[in-house]
Amino acid sequence: MRTRARFVFGTQVCTSLTEGGGADREWLCSDGTGGYAMGTVAGLRTRRQHGLLVTADRKVALLTLDPVVTLTSGARVELAVHEWASGATAPHGHRLLESFDLTDGVPRWRWRIGGVVVERELAMERGRTGVAVVHRMLAATEPVELSLAALCTWRDAGAARIAGPPPAVEPVADGVVVEHAYRIAGPGWRPDGTWWCGARTRDGSEDLWHAGTFTARLAAGEAMEVCAWAGDPARRPPPATAVVSAARGRARAVIPAAKPADALDARLALAADAHIVTGPRVVAGYSAAGGDVLAAYEGLFLETGRAAEGRALLRGYPHRTLWYPHAVARHVIRTGDADLAAELLPALAAGLDGDGPDPADGLLCGAAGKPVGENALWVNALGAVARLCELAGADPAGWLARYDVARAGFAKRYPAPDGWLYDVIDAPPPRYPLAGSGPYDDPVLRPLQVLAWSLPYAPLDGTCAEPLDAVGRYLLTPLGLRSLAAHEYGYRGGDRDRGSAWPWLAGAFAGACHAAGRPAAGVLDGLAAHLDEYGLGSVSELVDGEPPHRAGGAPFHALGVAELLRARRLLR
């Protein structure tokens, strides 16, 4: 039986704007260039990054197409929903939602107005920044009028546009070109040009420009197609129905190519696909960025059958961080690509030689001292380059010697008396030092110490695994590891760096437990359930450290998806 990625919600979720309802669950369609469409199940825009057309350089263009059905009686029924700065919600179209489903990456809404049923589907063009929106009249005893109000802007994704001079427009036969940047086209276009002021999202309010309205009279079974695209306004995209069909077909090809072990892996394979774009490169998060994308390399590329794309990314990757040798080594070891090892070894060696370790212990020391996560990566990088030398037929002796020194220094210096690892050793003196105080070792309990076991050439093993028990006791939540233990000074469960939990670290913790011979059963179960709760089919950037662990940050985050994929395979 073919494995599909599908999410279905009924009226209990779709019609709710309260916590955990349709306004909290988000969908994403990507175009393969970094552009996207994103919104909520309920249809309410809750963040400034939401829109039907957002370009790869994070310019928000078409915000919504607000549908209105005019019945044969003359009654007008609005199907959209907005919140306003006054606190009002209007219109209330979400109350008429009968269902929402996200199947094979294509979102679909159905509204019911008595015997009239309207369906909307949308998809992005692949390889171009364009969105196709199809409305179908699934049921109607007589033809009814459907109009779509095009609400527009042209701004950075994190900004807000306030009423003032309207966007520059150029009328065309079937729509309009806005700001010389994007075009909207469809049937029955009537220009408008007014501001709708005070639309509110959770990150502020802005004003929406009503460019105009598309209108068609539809009988049961008939469809209305609208397209919007950035770039050359003279280019004609394929029909909207063809774009939707192609998007669904592509998703059905991506999933089997990843050879998923089960339905959850199928969902994650499709989520990973959204983050891999032309270049190839990786979009870390669609409403926020976070972390080094190379930390996500193994999960995004090697767990989804995309080694060829991954190879191209590694050959052209410009940032030589400590995650780089890790990613290259994982690729070479899992694919047997010794040629890539030989090609990239000079760059890897030069990158590591540029970092001058402390001769006393072989560890890296910066302005903030010697952070545990950075030095776990450093030790791992030395071991990875040594292994790559062996695979490429080069002499690894020098790298092995450096690896042994740094590994021994790590094992000696980081264990703290409290039962976990120091977060930083040789840290600068406190801001208000006592007389004669100097560098100190900071015993605050933070989560990046799990890298000391989870990485392939990690500095610690099962003989020094007791700190993992402390991490599990004080930092582990159902959705990741807290950034700070609850008993530490300054802990705040909803603060990004002082208590929020990071889902991607659940994968690292599971990997650390596996490597150290500690039980890891059930560690990933909460994240598996999370795929239905926030960014549909994906893993969020962070969550609150306290129940109910409300999600925050980017709802679609590459590192969380990648680590869940990688860790699930590891624990099978």
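Because the structure is a prediction, the values reported are computed rather than measured. Values below: all heavy atoms of this structure, side chains included; hydrogens, waters and symmetry mates excluded.
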- Message: The test is side chain to side chain donor-acceptor pair (under 3.5 Å); show your working for R6 and T103 and say whether it passes.
- Response: CA-CA 4 Å; R6 190 177 190 204; T103 302; 3.1 Å; yes

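- For R311, the salt bridge (charged side-chain N to carboxylate O under 4.0 Å, His left out) test picks out D337, with sequence neighbours left out.
- Between the side chain of T40 and the main chain of L44, a donor-acceptor pair closer than 3.5 Å is present.
- Using the six-membered ring where Trp is involved, F301 and Y297 have ring planes that are parallel, under 30° apart on the 30 and 60° scheme.
- A side-chain donor-acceptor contact under 3.5 Å links T335 to the backbone of H331.
- Side-chain contact of E225 with H135: a donor-acceptor pair under 3.5 Å is absent, judged by distance alone.
- If you take OG on S99 and CD on E119, they are separated by 8.0 Å, rounding to the nearest 0.5 Å.
- Put simply, CG on L294 and CG on L313 are 6.5 Å apart, with the number rounded to the nearest 0.5 Å.
- Atom CZ in R25 sits 12.5 Å away from atom CG in L102 (nearest 0.5 Å).
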- Report the C-alpha separation of D104 and R252 in whole Å, then their side-chain angles, then the decisive distance to 0.1 Å, and conclude whether the salt bridge (Lys or Arg N to Asp or Glu O under 4.0 Å) test is met. CA-CA 6 Å; D104 297 329; R252 291 173 180 171; 2.7 Å; yes

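- Using a 4.5 Å heavy-atom threshold, the side chains of I184 and F214 count as touching.
- Between the side chain of D495 and the backbone N or O of D497, at least one donor-acceptor pair lies under 3.5 Å.
- When atom types are taken as modelled, the side chain of R45 and the backbone of H82 share no donor-acceptor pair closer than 3.5 angstrom.
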- Task: Under the salt bridge (Lys or Arg N to Asp or Glu O under 4.0 Å) rule, what do E98 and R110 come out as? Steps first, then yes or no, please.
- Result: CA-CA 6 Å; E98 183 174 78; R110 285 184 181 175; 5.6 Å; no

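- Note that CG of L62 and CG of L52 are 5.0 Å apart. Values are rounded to the nearest 0.5 Å.
- Checking side-chain atoms of R482 against main-chain N and O of G545 turns up a donor-acceptor pair under 3.5 Å.
- Heavy-atom minimum distance, P456 versus R330: CG-CD, 3.7 Å.
- Side chain of D262 to main chain of L264: a donor-acceptor pair is present (N/O by atom type, distance under 3.5 Å, no hydrogens or angles).
- Between T33 atom OG1 and R281 atom CZ the span is 7.5 Å, to the nearest 0.5 Å.
- K59 places a side-chain heavy atom less than 4.5 Å from the side chain of D156.
- Within 6.0 Å of the CZ atom in R315, the count of heavy atoms belonging to other residues, nucleotides or ligands does not exceed 12.
- A donor-acceptor pair is defined here as one N or O able to donate and one able to accept, closer than 3.5 Å; no such pair exists between the side chain of R108 and the backbone of E121.
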- Message: If you apply the rule salt bridge (Lys or Arg N to Asp or Glu O under 4.0 Å), what do you find for D232 with R183, and how did you get there?
- Response: CA-CA 8 Å; D232 181 5; R183 179 174 175 176; over 6 Å; no

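- Panel note: side chain D31, backbone G34; a donor-acceptor pair is recorded below 3.5 Å.
- At distances below 3.5 Å, not a single donor-acceptor pair connects side-chain atoms of T278 with backbone N or O atoms of P280.
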- Item | Verdict with supporting geometry, L468 and V450, side-chain contact (heavy atoms from CB on, under 4.5 Å) | CA-CA 7 Å; L468 280 176; V450 299; 4.3 Å; yes

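- Between T304 and K259, every side-chain heavy-atom pair lies at or beyond the 4.5 Å cut-off.
- Partner of L96 under the side-chain contact (heavy atoms from CB on, under 4.5 Å) criterion, out of V81, T11, V116, V77: V77 alone.
- At a threshold of 4.5 Å between non-hydrogen side-chain atoms, the residues V69 and V118 count as touching.
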- Show your reasoning for whether side-chain contact (heavy atoms from CB on, under 4.5 Å) applies to D66 and E78. CA-CA 8 Å; D66 281 8; E78 298 178 88; over 6 Å; no

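- Under the 3.5 Å distance criterion, with hydrogens and angles disregarded, a donor-acceptor pair is assigned to the side chains of H530 and S540.
- For the pair L565/R569, no side-chain contact is recorded, criterion being any heavy-atom separation below 4.5 Å from C-beta on.
- Y182 places a side-chain heavy atom less than 4.5 Å from the side chain of C152.
- With a 4.5 Å cut-off on side-chain heavy atoms, Y36 and R58 count as touching.
- With hydrogens and angles disregarded, a donor-acceptor distance shorter than 3.5 Å links the side chain of R161 to the backbone of W154.
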- Item | E222/R136 under side-chain contact (heavy atoms from CB on, under 4.5 Å): CA gap, chis, key distance, verdict | CA-CA 6 Å; E222 294 182 333; R136 290 188 181 86; over 6 Å; no

- Task: Take D544 and R496 through the salt bridge (Lys or Arg N to Asp or Glu O under 4.0 Å) test and state the conclusion after the steps.
- Result: CA-CA 8 Å; D544 287 350; R496 186 182 187 95; over 6 Å; no

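- Counting heavy atoms from C-beta on, the side chains of C29 and M38 never come closer than 4.5 Å.
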- Walk me through it: do R568 and L268 pass the test side-chain contact (heavy atoms from CB on, under 4.5 Å)? CA-CA 11 Å; R568 291 191 81 235; L268 292 169; 4.3 Å; yes

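- Of the inter-residue distances, the one linking H514 atom NE2 with W453 atom CH2 reads 16.0 Å to the nearest 0.5 angstrom.
- When each of W111, F7, W109 is checked for a ring-ring contact (aromatic ring centres under 6.0 Å, His included) with F100, only W109 meets the rule.
- Atom CZ of R155 has more than 12 neighbouring heavy atoms from other residues, nucleotides or ligands inside a 6.0 Å radius.
- Between C14 and A42, the shortest heavy-atom contact is O-CB, 3.5 Å.
- Residues in residues 250-282 take part in these ring-ring contact (aromatic ring centres under 6.0 Å, His included) pairs, two or more places apart or across chains: H275-Y286.
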